[in-house]
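Quick notes on the structure that follows.
Below, chains carry the letters A, B, ... as their sequence lines are ordered, and counting in each starts from 1.
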There are 2 protein chains.
Amino acid sequence: MFSKACQYGIKSVIYIWKQSLLGNKVGAKEIAEHVDAPEPFTAKILQELVRKKIIGSQKGPTGGFYADGAHESFTLRDLVEVIDGDGLFKGCSLGLKECSETNPCPLHHEIKKVRTHVVDMLTKKSLKQLAQEVERGETVLARFDF
Amino acid sequence: MFSKACQYGIKSVIYIWKQSLLGNKVGAKEIAEHVDAPEPFTAKILQELVRKKIIGSQKGPTGGFYADGAHESFTLRDLVEVIDGDGLFKGCSLGLKECSETNPCPLHHEIKKVRTHVVDMLTKKSLKQLAQEVERGETVLARFDF
DNA sequence: CAATTTAAGGACTTTTTTATCCTTTATTGT
DNA sequence: ACAATAAAGGATAAAAAAGTCCTTAAATTG
Ligand code: FES
Ligand code: FES
């Protein structure tokens, strides 16, 4: 459903939000450790998310990645679109050149329903809210036990 | 959502069913043309589907791929699982080692709902039924116009 | 049985995705 | 101004997915 890059991006941004709510900026290394993702690859993804203003960053000592009021309204939908594009929302699930109502593929009508639920899932909570759930211990970004 | 291989597989099997309902066996080349997919790659995928008994095949002149009573009960779910595995149904959407109810990732509860709809989409109609819809012109496997 | 046809199988190539590394640029505190 | 720190950027490497090609095996027809 999501590329690895997107999965890392989602977990990273939620972690950044969690730390930002506590007043901390965080470095790429710390993020990668806490979301169980490869550090250099994670850094690349964060770069892109900063460019698209999903999060903020600051260079130099005491710098790092952060999220604040300017990023408050973003949802997973925005983030997923930046990294994986809009194929999940707009493209034909069977790979036809475009998704069309008048010339639908065998999955079209059913996919439309699924998409509604996917978009719902990705928009009903802000990234900040998801971070608050992690903060409350209701959800986790990684499991290091097994 | 689905790999290219899976998309080709889905369209191919529906095409095979459509032709089988008309009493025809079909070769890899014809299939690939009608579903707008690369021929050798499609052949590879069909090989795997035959091995897993989703469809049947026959070598030699008048041979080809077909589907009959023995394959009647299969759905897209079976086909997707053969090609893409069960990650879409069972794995954690954010890549945690496993999907868990007691230690859920931020998307877990929402993903569960989406999965219900995805499984619903993939199981409510048999592959044969999907072929009948194509036969009736209600849906298409390819569009060569644009 | 021989010739032909078509799937099966395996080796290989290309492209995309994932991942790493190194250099540069900006920022901070002293 | 200087040293230290952290992100940005670009170049590369490894792995996986997508796609191709060639040889072999099975079935059919005459
Ligand atoms: S045409 Fe295939 S999903 Fe709409
Ligand atoms: S734990 Fe991530 S989807 Fe269930």
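The list of ring pair (Phe, Tyr, Trp, His ring centres under 6.0 Å) pairs with a residue in residues 6-38 of chain A, not counting sequence neighbours, reads A:Tyr8-A:Phe41, A:Tyr15-A:His34. Listed by first and then second residue, the ring pair (Phe, Tyr, Trp, His ring centres under 6.0 Å) pairs that reach into residues 102-135 of chain B are A:His117-B:His117, sequence neighbours excluded. Judged as a salt bridge (charged side-chain N to carboxylate O under 4.0 Å, His left out), the pairs with a partner in residues 32-47 of chain A (not counting sequence neighbours) are, in order, A:Asp36-B:Lys97.
Contacts of residues 25-34 of chain A with DNA chain C (heavy atom under 4.0 Å): none. Remark: B:Gln58 in residues 50-58 of chain B come within less than 4.0 Å of DNA chain D through at least one heavy atom. Sorted by residue number, the list of members of residues 12-21 of chain B with any non-hydrogen atom under 4.0 Å from DNA chain C is empty.
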Expected string for nucleotides 13-25 of chain C under the B/S/- scheme (protein heavy atoms, under 4.0 Å, primed atoms plus P, OP1, OP2 as sugar-phosphate) is -----SBB----B

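Separation of atoms NZ (B:Lys25) and CD (B:Glu30) is listed at 13.0 Å; rounding is to 0.5 Å. Atom CG of A:Leu127 is separated from atom NZ of A:Lys18 by 15.5 Å, given to the nearest 0.5 angstrom. B:Ile45 CD1 to B:Cys6 SG: the interatomic distance, rounded to the nearest 0.5 Å, is 9.0 Å.
B:Glu110 meets the side chain to side chain contact (heavy atoms under 4.5 Å, CB included) test with A:Met121, A:Lys124, B:Lys113; sequence neighbours excluded. B:Thr42 meets the side chain to side chain contact (heavy atoms under 4.5 Å, CB included) test with B:Ser12, B:Ile31, B:Ala32, B:Ala37, B:Leu46; sequence neighbours excluded.
Taking every heavy atom of both residues into account, B:Ser57 and B:Val50 meet most closely at OG-CG1, 3.6 Å. Shortest non-hydrogen contact noted between B:Leu130 and A:Pro106 is CD2-O, 4.0 Å. For the residue pair A:Thr75 and A:Ser126, the shortest heavy atom distance occurs at CG2-CA, 4.3 Å.
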Please tabulate, for side-chain N and O atoms in residues 79-96 of chain A, each donor-acceptor pair with protein atoms closer than 3.5 Å (sequence neighbours left out).
residue	atom	partner	partner atom	Å
A:Glu81	OE1	A:Arg77	NH2	2.5
A:Asp84	OD1	A:Ser3	OG	2.6
A:Asp84	OD2	A:Ser3	N	3.1
A:Asp86	OD2	A:Lys90	NZ	3.4

Enumerate donor-acceptor pairs with a distance under 3.5 Å from any side-chain N or O in residues 60-70 of chain B to protein atoms, sequence neighbours excluded.
residue	atom	partner	partner atom	Å
B:Asp68	OD1	B:Ala70	N	2.9
B:Asp68	OD1	B:His71	ND1	3.2

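Tested against A:Lys128, the residues A:Glu135, A:Glu72, A:Glu133 include a single salt bridge (charged side-chain N to carboxylate O under 4.0 Å, His left out) partner, A:Glu72.
Remark on DNA chain C: of its neighbouring residues B:Gly60 and B:Phe65, the 5'-side contact belongs to B:Gly60, judged by nearest-heavy-atom nucleotide.
Along DNA chain D, read 5' to 3', the first and last nucleotides having any atom under 4.0 Å from a heavy atom of chain A are D:dA4 to D:dA11.
Here the side chains of A:Val134 and A:Val140 are not in contact, with every heavy-atom distance at 4.5 Å or above.
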